[in-house]
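Counting from 1, the numbers follow the sequence of the chain as shown. Indexing begins at 1, ligand by ligand and atom by atom, following the structure's order.
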Amino acid sequence: MILAQSAARNVGIVIFAIIIVGFLVYLFFNLLEGRKEGGSEIELAANRKPYFPDEILETRKLDQSLLSGLFFLAVIGIALPLYWLGEPGRHEGLVDNTIELWTERGGESYEENCSACHGGGGAGGIASFAVTEQGTGEFVASVDWVAPSLTSVLTRFTEEEVTYTLNFGRNGVMPAWGAPGGGPLTEQQLEIIIVYLRSVQKDADAVQAAVQDGLIEAARDEWVSRDPDLSAQLRDAHYAVARATQTGQSSLIEEAEAELGSVQAMLGETFPNAEMAAWLDEISDPSHEEYLTYGKLIFINKADAGAYSCARCHTNKWSYDGANDLDVNGEPLSTVDGEPGYVQGGGWFGPNITGGAEVAQFPNVDNHIDFIRRGSEDGIRYGVAGQGGGQMPGFSNRLDEDVLVLNEETGEREAVNWPASLTEEQIAAVVAYARSI
Ligand code: HEC
Ligand code: HEC
């Protein structure tokens, strides 16, 4: 399309050049002629020259005029429909150009406003956040809050829902960017960033690969947690980093981080990826006794800065690794019964889904699965007594009729089909886990 467009532009430039050159040539000869005529105007005046006799005027001359009229009529008759036929292409070219321009500008705006937290190209990152005591506002700890990757956000949320998050921010960690939330960007500036985000969305294979990598990490964490010695060793290494960070001394921080790195490398060798993958394969079978563990690992998947997880919204303190971090008094930030850990699904940005809440909300498991596949919609009720706010993401694929992309094979423009974050099997497993907590 862009090629066709520039071709059309080139033809236009050539025609323009021919017209200009032709006009200059005409002007040149006209002036030359004019000079020659100097002083003989009366003799050469057009109306004093003898003209064709009637026989010629009424035959040859008339025929010539009529023929040339017919010729130009034919030209117009062909050129206009051709122009009209080309119009949609020109319109699409304009749309393509606009999208291209917005993608570029949105990318610049993204790098300027968002990449510090969400990473370059939307890859995911961390936001520094000060945890304070609820009520008193007293400082508790400075933490690294994961800012999810945005390279699959358009499959879980509609562009309208993303705009809502951009307008109002989220929970005080993600700042408000739009005017409605008191932010600095206009509606169009937000739209341009979203158009840019379209260009960095992962394809189905890349999403599945990322989810699988995260599951392997989660499987390793699970195995470490089942070994008291190894888990104590890992936790100590994390706390050493937390203490060093509180001193603010970079040499201490580096040393502690290096130690944590070597413990993690040792754990990587103890529980190799291939073994973890094979175990995942086994427990993903619904009849396996550890099937619910598989569902839990999906719930807490850390891949792409938690983008595919449930815990980041439904588990308090999970997004800043609270069980592995310390407050100013050296106490773990997240504990359960005095031990470092999380109340999975206990509620945070998303509601508490523990204690049988979900079986009551969705007596029919298929309705539950369907809710996780499609997410919530603003103002639409779900389950027995749920009121959607549009902020619960959908984990299945999402067809967006408003975004047309060119299908290279058919040459047709089609609604974009953003790939699913989780497979149908993974959604069923995470639902089974959520119903059990
Ligand atoms: C100060 C750090 C920071 C900046 C800057 C920032 N964000 Fe965020 N953003 C976050 C955090 C942290 C979250 C996750 C909040 C949570 O845990 O619920 C988030 C969440 C989001 C979400 C929701 C994603 C999801 O899957 O739930 C979107 C969309 C988003 N940000 C887009 C943007 C865009 C676009 C910009 C730039 C205009 C931006 N953010 C700038 C920190 C930031
Ligand atoms: C970006 C944050 C976010 C993520 C990630 C998220 N949720 Fe939610 N979830 C919500 C919000 C917010 C609601 C409340 C509905 C609303 O506001 O639209 C909700 C509602 C729910 C409900 C209905 C609760 C009720 O009883 O009303 C269930 C079940 C649920 N989520 C399960 C999950 C599961 C399972 C996952 C992971 C596959 C997940 N959620 C991931 C934010 C999130």
Chemist: Below 3.5 Å, N or O to N or O, backbone or side chain included: is there any such pair between V430 and ligand 2?
Modeler: no
Chemist: To the nearest 0.5 Å, how far apart are CD1 in I427 and NE2 in H368?
Modeler: 11.0 Å
Chemist: Could you list all the salt bridge (charged side-chain N to carboxylate O under 4.0 Å, His left out) pairs where at least one residue sits in residues 190-200, not counting sequence neighbours?
Modeler: E159-R198
Chemist: Does the N or O separation between Y382 and ligand 2 drop below 3.5 Å for any pair?
Modeler: yes
Chemist: Kindly confirm or rule out a cation-pi arrangement of R226 over W223, judged by NZ or CZ under 6.0 Å from the six-membered ring centre and within 45° of its axis?
Modeler: yes
Chemist: Can you name the side-chain contact (heavy atoms from CB on, under 4.5 Å) partners of S231, sequence neighbours left out?
Modeler: V224
Chemist: Mark yes or no: R312 above the aromatic ring of F349, with NZ or CZ under 6.0 Å from the six-membered ring centre and no more than 45 degrees from the axis.
Modeler: no
Chemist: Taking 2.8 Å as the upper limit, name the protein N, O or S atoms near atom 8 (Fe) of ligand 2.
Modeler: H314 NE2, M392 SD
Chemist: Between F349 and ligand 1, find which residue part has any heavy-atom pair under 4.0 Å and reply side chain, backbone, both or neither.
Modeler: neither
Chemist: Answer with yes or no whether N113 contacts ligand 1, where contact means a heavy atom under 4.0 Å from a ligand atom.
Modeler: yes
Chemist: When you measure from the side chain of H314 to the backbone N and O of G346, does any donor-acceptor pair fall under 3.5 Å?
Modeler: no
Chemist: Under 2.8 Å from atom 8 (Fe) of ligand 1, which protein atoms of type N, O or S occur, listed by chain and number?
Modeler: H118 NE2, M174 SD
Chemist: For R398 and F157, indicate whether the former's side chain and the latter's backbone hold a donor-acceptor pair under 3.5 Å.
Modeler: yes
Chemist: Heavy atom of F157 under 4.0 Å from ligand 1?
Modeler: yes
Chemist: Taking L154's backbone N and O only, do any of them form a donor-acceptor pair with Q201's side chain (distance below 3.5 Å, no angle check)?
Modeler: yes
Chemist: Mark yes when over 12 heavy atoms from residues, nucleotides or ligands other than R105 sit less than 6.0 Å from its CZ; otherwise mark no.
Modeler: no
Chemist: Looking only at protein heavy atoms, which one is nearest to atom 17 (O) of ligand 1, and what is the separation?
Modeler: W145 NE1, 2.9 Å
Chemist: Does L197 come within less than 4.0 angstrom of ligand 1, counting non-hydrogen atoms of the residue?
Modeler: no
Chemist: Does any N or O of ligand 1 fall below 3.5 Å from an N or O anywhere on W348, backbone included?
Modeler: no
Chemist: Atom 41 (C) of ligand 1: which protein heavy atom is closest, and how many Å away?
Modeler: W177 NE1, 3.2 Å
Chemist: Is the gap between the ring centers of F362 and F371 under 6.0 Å?
Modeler: yes
Chemist: Give a yes or no on whether E187 atom CD has more than 12 heavy-atom contacts from other residues, nucleotides or ligands under 6.0 Å away.
Modeler: no
Chemist: Just let me know how Q361 lines up against ligand 2, side chain, backbone, both or neither, with a heavy-atom cut-off below 4.0 Å.
Modeler: side chain
Chemist: Which of these, E111, R312, R156, Q189, has its nearest heavy atom closest to atom 27 (O) of ligand 1?
Modeler: R312
Chemist: Quick one: does S334's side chain have a donor or acceptor within less than 3.5 Å of a partner on G341's backbone?
Modeler: yes
